[in-house]
Each structure stands twice: as C-alpha cells, then as structure tokens.
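For reference, the structure discussed in these notes is given below.
Numbering of ligands and ligand atoms starts at 1, following listing order.
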Amino acid sequence: EAALALDIGGTKILAALVRGAEVLAEVRVPTDPSAGPEGWLARAEEAVAPWAGRYAWTGAAVTGLVDGGRWSALNPGILPIPDGYPLMERLSARLGGPAAAFNDAQAAAWGEHRFGAGQGADMVFLTLSTGIGGGIVLGGRLLLGRGSLAGHFGVTAPVLAEHPAHIEDGIAGRWIAGEAARVGHPVDAEGVFAAAQAGEGWAETIVMKSARRAARLLANIQLMLAPARIVLGGGIGLAPGQIERLRELLGPLPPLRRPCLVPAALGARAGVIGAADLARPTIK
Ligand code: BMX
C-alpha cells in the first residue's frame, strides 16, 4: 500500500510515491516563496496528478511549525507561511483521502530512525538546508514537545550576541548564497560548494565559516541531548566535503563531548519517507 508524500522546503518541493522505505516515483519542483500555501499546494497537486489512484493516504513534511495540522513560520525568511494555515485539511481536500502533516526535520528524523542511519539509537537529525531544522528521537519515540516545537535548532539565537538573529541566518543555504553574491559570485549554495571543491578561495572561505558555526551548534546539541548519533541531512549537510569539514572541526573535542556524525542514509528522501510512515496510523 503506497502513500503520497510531499516535502515542502524553502527552496524546493519534493513529491514522492512511497512504500515503506522505497520511493516508487518522485518529482521535484521549485518553491516560489511569493506563491503562498495555496500556490505551493497547487504546484504539488499538478505534479502528482499522474499518480492518481496509486496512493491510499498523504503525508507531508514541511518547513515551519506544524501542530495539530496547522502550519506557521517560525522564520518567515525561510518561507513566509501565514500563521495557523489549515494544512492538514487543505491537503486532504486537494489530494483526497486522509492526510497528516509534520515539520520537515521531525519527519526526516523519524525516517532515518525507522529505516536509515539512526536505527536503534537515541538520535538527533540535523538538516543544513535553506535553513536549519532538527528532529529528536529518544527511546524510540519522536519528541514533539509542547506545541510540537522540539528540535527547532535553526531559530535559536546566539546567546552572547545583542542582535536577535536566528543562527540559521548565519550558517545555512540562504546565508551561503547571500555571502557569495556579496563577494561578487552570484551563485546558489550548490554552486558555492562546487567552487570550493574546485579550489576557489572565496568559496572555501564561505563554506568554512558556515562549517565552523555549524560545528558549534552540533557541539551544543551534544551537550543538551547527548544523542548516540547525530544524523546530518539537507543540501548543505550532504554537500561534497561538508561532513568531513565538520568532523575535522569537532575532532579536538574530548570523546564525551564529541558528536558522532553520520550522513542521512535516505539522503534527500528522509523527509518524504518519514512523513509517509508517520501519516500511516491516520487510516487505521
Ligand atoms: C527553519 C524553520 C523550520 C525548518 C527549518 C529547515 C520556518 C519556515 N522553518 O528553521 O521549521 O525545519 O527552517 O527548513 O520557520 P528547510 O526549508 O531549510 O528545510
């Protein structure tokens, strides 16, 4: 029995037909931040039209806070979602059948715990993407917490700084592309990593700065939750060379405090696979 799964991120939407950990078909479309939720859902609906009749339920993994089926932005700079948008209801109305929705990183954490690099372990999933998302699985349970807020590491603030910026605004994909433009190389984050791999100094400077800050976040997460593993995902987390840079930066920490970093085994599909599985009980 297959599920339709959507992953709506700050940069792209991934739609997939999922059975267990298997992705039977998938399609990617860009997220137009100005289109709004009805626009994003319309784009997804159009992309999945050829799969009509092939799925029994829908699971969505989306950037932003999802609680009780309602969707809001914590950092509108990642995606400007209106407050309390009735996502679960709208998904079910547009796509037919039961639907459930979750935060993207919480869903990906669950996917990696069930089927990927976090099996049998207390784990944190950290996605370095357009922003930075997180999900926590302890004792085999996905921690949602009050208001489903648990794991929102990207919107934590640098505690000693006077300005209230979200830390993701100085680490993740949007920041990397912004820095590149600032130094005269208007390319996306992927382009910056490619340039760094090709040995271009300006690009290496940017990805190292991002890595140094991400390494501090990883070390802080280790102190707060002491997971057996931190599973790294997202386009930046899985970009060529980045996990190696992070491991090297974390190397000097004493073993007790050093995160055990592993790449997401499900790659960019962790969110759709997790969302499909999390949404499943709604049809029982
Ligand atoms: C932001 C926040 C999180 C999300 C994370 C990664 C919003 C809109 N999003 O911290 O909910 O998990 O970004 O999102 O407030 P992504 O789009 O980079 O995958």
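- More than 12 heavy-atom neighbours from other residues, nucleotides or ligands sit within 6.0 angstrom of CZ on R94.
- Sorted by chain and number, the heavy-atom contacts of ligand 1 below 4.0 Å come from G9, G10, T63, G64, A73, L74, N75, I78, L79, I81, N103, D104, S129, T130, G131, I132, G133, H152, V155, E168.
- Not counting sequence neighbours, the partners of N75 by the side-chain hydrogen bond (donor to acceptor under 3.5 Å, both in side chains) test are H166, E168, D169.
- Applying the side-chain contact (heavy atoms from CB on, under 4.5 Å) test to P37 and every residue at least two apart in sequence or in another chain returns W40, W71, P82, Y85.
- For residues 238-249, the pairs satisfying salt bridge (Lys or Arg N to Asp or Glu O under 4.0 Å) are E204-R245, with sequence neighbours left out.
- Follow the hydrophobic side-chain contacts under 4.5 Å out from I206 and you reach V187 in the same cluster.
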Intermediate values then yes/no, salt bridge (charged side-chain N to carboxylate O under 4.0 Å, His left out), E26 and R269
CA-CA 10 Å; E26 65 184 348; R269 295 164 168 169; 2.6 Å; yes
